[in-house]
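A short worksheet on the structure shown next.
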Amino acid sequence: MSAFPRAADLGLIGCHVCKLVISADTPARVDVADELACPRCGSVLHRRKPYSYMRTWALMIAAFLLYIPANVLPIMRTASLNDIDDNTIISGVVELWVKGSPDLAIIVFTASIVVPVLKFLSLGTLLLSSQRGSGWARPQRAKLYRLVEFIGYWSMLDVFVVALLTALVRFGLLSLVEPLPGVIFFGLTVVLTMLASMSFDPRLIWDGRDSDD
Amino acid sequence: MGTTSSEALLICEHCDTVYRRRPLARGDVAQCACCHAVLERHHGLSVNVMLALVMTAMIVFVQANMWPIVTLGLNGQLSGATLWGTIIVMWQQQAQVVAVLAAGTLFFFPLLKMFLLGWLLWFGRLGRRAPGFVPMMVTLHYLQPWTMSEVFVLGALVAIVKAHLYFDVVADPGIYAYAALTLLITIFAGVDLRQLWELTPEGPA
Ligand SMILES: [Zn+2]
């Protein structure tokens with residue numbers, strides 16, 4: 001185990017909102033429900049994010065369930081003079097690639113496919129390994145969590161692209177872009193994965209087998 | 001209160017390791033020795049500079065929302081989309097969820113962030129805690145991950161290319177104001193709220 005002094009062992013607790021460090025003998029305000037509250041900002045204090053495993057699992061599974069229709073259903077309909085075309089996330093990427101914008105195709109592919117899938121895999125790995133109290137590759141797992149937190153919201157890219165195209169391409173009946181239900185599922189997926197990674201407490205990576213509260 | 005002594009301590013939020021705080025010199029970044037997360041950065045920006053940045057961002061924000069983000073030209077016809085135009089169209093096209101997401105992450109949350117920071121810094125400059133200091137600081141904390149202007153800028157670039165591919169139209173980016181805004185937001189998004197908590201003494205707000 002690490003030789004670093006940990007707040008939980010020293011009887012210290014940090015406020016997750018204002019970062020104030022409160023020691024056991026500091027008179028923290030006591031809230032109605034017998035919970036400690038931060039004397040500086042009034043937020044309820046927790047040693048670990050409450051129900052971290054349960055919340056993260058629930059949000060992640062919900063996000064995954066929505067990610068299926070987000071990929072299967074078309075996200076956008078483009079209608080021009082002679083054809084009507086329903087695009088899924090994947091077909092949009094392929095079209096960008098084929099029609100001569102491979103660099104943007106890679107960006108969209110990364111934001112819409114790689115990032116969400118990476119998020120599911122990473123959070124799943126973090127949850128399983130931490131729940132087992134595994135000591136395996138802790139620094140790398142900590143880094144993985146920070147990566148997931150940092151890149152998560154870029155997945156919203158395709159949602160904004162569909163929205164902008166819908167608003168832009170309105171030339172009478174000649175050409176038209178319409179959003180299709182896939183984009184709604186995708187937007188919700190992104191929000192849920194963000195909430196999932198926020199619910200995970202990275203300190204659990206460093207906790208032993210018996211200290212997950 | 002034991003707060004004076006505990007302000008000398010720092011807990012890594014990623015692994016729970018406790019540190020004694022050291023004063024940081026310009027450009028310094030304190031990193032956790034256990035999990036390598038960033039603990040604290042030195043901020044070279046004074047309160048006055050921060051306030052100036054926030055006010056500039058507000059002006060740019062107004063412009064970014066007035067001008068079309070992208071303009072399309074097809075056979076002499078012009079079509080432009082503003083942020084609110086986009087939000088309204090999404091609402092009308094049965095994609096209300098997207099409309100709400102866009103309105104929140106691209107308009108209301110960034111706006112609220114700027115107003116709160118501006119207000120707090122204005123009073124902080126005078127060495128005072130602004131009225132409503134505590135609830136505003138708490139709101140800022142929860143607002144932090146939910147502004148997405150930078151994603152929107154990239155989205156506009158992709159939309160321009162796609163419009164060209166699908167419809168053979170000429171697209172002009174009006175995205176400059178937005179790009180500038182994003183840059184400004186990025187600068188003050190990194191502000192450590194901890195500094196604002198410590199800048200002004202506690203007391204009757
Ligand atoms: Zn750490």
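Just so you know, these numbers come straight off a predicted model, no measurement behind them. Each chain gets a letter, A, B and so on, in the order the sequences are listed, and its residues count up from 1.
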Going by residue number, which parts of residues 184-193 of chain A are within reach of chain B, meaning a heavy-atom gap below 4.5 Å? A/Ile184, A/Gly187, A/Leu188, A/Val191
Donor-acceptor pairs are to be reported for all side-chain atoms of residues 93-109 of chain B against protein atoms at under 3.5 Å, with residues two or more places apart or in another chain.
unit_1   : atom_1 : unit_2   : atom_2 : d
B/Gln94  : NE2    : B/Gln92  : O      : 3.4
B/Thr105 : OG1    : B/Leu101 : O      : 2.8

Give a yes or no answer on whether the side chain of A/Arg6 reaches the backbone of B/Cys15 with a donor-acceptor pair at less than 3.5 Å.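 Present.
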Can you confirm whether more than 12 heavy atoms, excluding those of [X], are under 6.0 Å from its [atom1] atom?
{"X": "B/Arg125", "atom1": "CZ", "answer": "yes"}
{"X": "B/Trp122", "atom1": "CH2", "answer": "no"}
{"X": "B/Trp84", "atom1": "CH2", "answer": "yes"}

Quick one: what part of [X] sits under 4.5 Å from any heavy atom of chain B, side chain, backbone, both or neither?
{"X": "A/Leu180", "result": "neither"}
{"X": "A/Ala167", "result": "both"}
{"X": "A/Asn87", "result": "side chain"}
{"X": "A/Thr166", "result": "both"}
{"X": "A/Val17", "result": "both"}
{"X": "A/Leu96", "result": "both"}

Minimum-distance pair of heavy atoms, taken over all atoms of A/Leu164 and B/Ala159: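 The pair with the smallest heavy-atom distance is CB-CB, 4.0 Å.
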Looking only at non-hydrogen atoms, find the nearest pair between B/Val161 and A/Ser101 and report the distance.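 Between these two residues, the closest heavy atoms are CG1-OG, 3.4 Å.
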Could you please spell out the steps behind the salt bridge (charged side-chain N to carboxylate O under 4.0 Å, His left out) verdict for A/Lys19 and B/Glu13? CA-CA 9 Å; A/Lys19 321 298 180 208; B/Glu13 288 189 274; 3.2 Å; yes
[Y] and [X], any side-chain heavy atoms less than 4.5 Å apart:
{"X": "B/Cys12", "Y": "A/Phe4", "answer": "no"}
{"X": "B/His141", "Y": "A/Cys18", "answer": "no"}
{"X": "A/Trp154", "Y": "B/Glu150", "answer": "yes"}
{"X": "A/Trp206", "Y": "B/Cys34", "answer": "yes"}

Name the region of [X], side chain, backbone, both or neither, that has any atom closer than 4.5 Å to a heavy atom of chain A.
{"X": "B/Val151", "value": "both"}
{"X": "B/Thr147", "value": "backbone"}
{"X": "B/Met90", "value": "side chain"}

Quick check on the interface: out of [options], who has the most heavy-atom pairs with chain B under 4.5 Å?
{"options": "A/Glu149, A/Gln140, A/Lys143, A/His16", "value": "A/His16"}
{"options": "A/Val162, A/Leu104, A/Asp9, A/Asp85", "value": "A/Leu104"}
{"options": "A/Pro181, A/Ala163, A/Ala142", "value": "A/Ala163"}
{"options": "A/Arg141, A/Met198, A/Met156, A/Arg146", "value": "A/Arg146"}

Rounded to the nearest 0.5 Å, how far does [atom2] of [Y] lie from [atom1] of [X]?
{"X": "A/Tyr145", "Y": "B/Cys35", "atom1": "OH", "atom2": "SG", "answer": "11.5 Å"}
{"X": "B/Ile11", "Y": "A/Ile13", "atom1": "CD1", "atom2": "CD1", "answer": "8.0 Å"}
{"X": "A/Ser43", "Y": "B/Tyr142", "atom1": "OG", "atom2": "OH", "answer": "5.0 Å"}
{"X": "A/Leu157", "Y": "B/Met148", "atom1": "CG", "atom2": "CE", "answer": "11.5 Å"}

Would you sort out whether A/Arg47 and B/Asp16 count as a salt bridge (charged side-chain N to carboxylate O under 4.0 Å, His left out), showing the intermediate values? CA-CA 9 Å; A/Arg47 290 204 180 284; B/Asp16 222 19; over 6 Å; no
Under a 4.5 Å cutoff for heavy-atom pairs, which residue among B/Gly85, B/Pro135, B/Ala33, B/Gly80 has the most contacts with chain A? B/Ala33
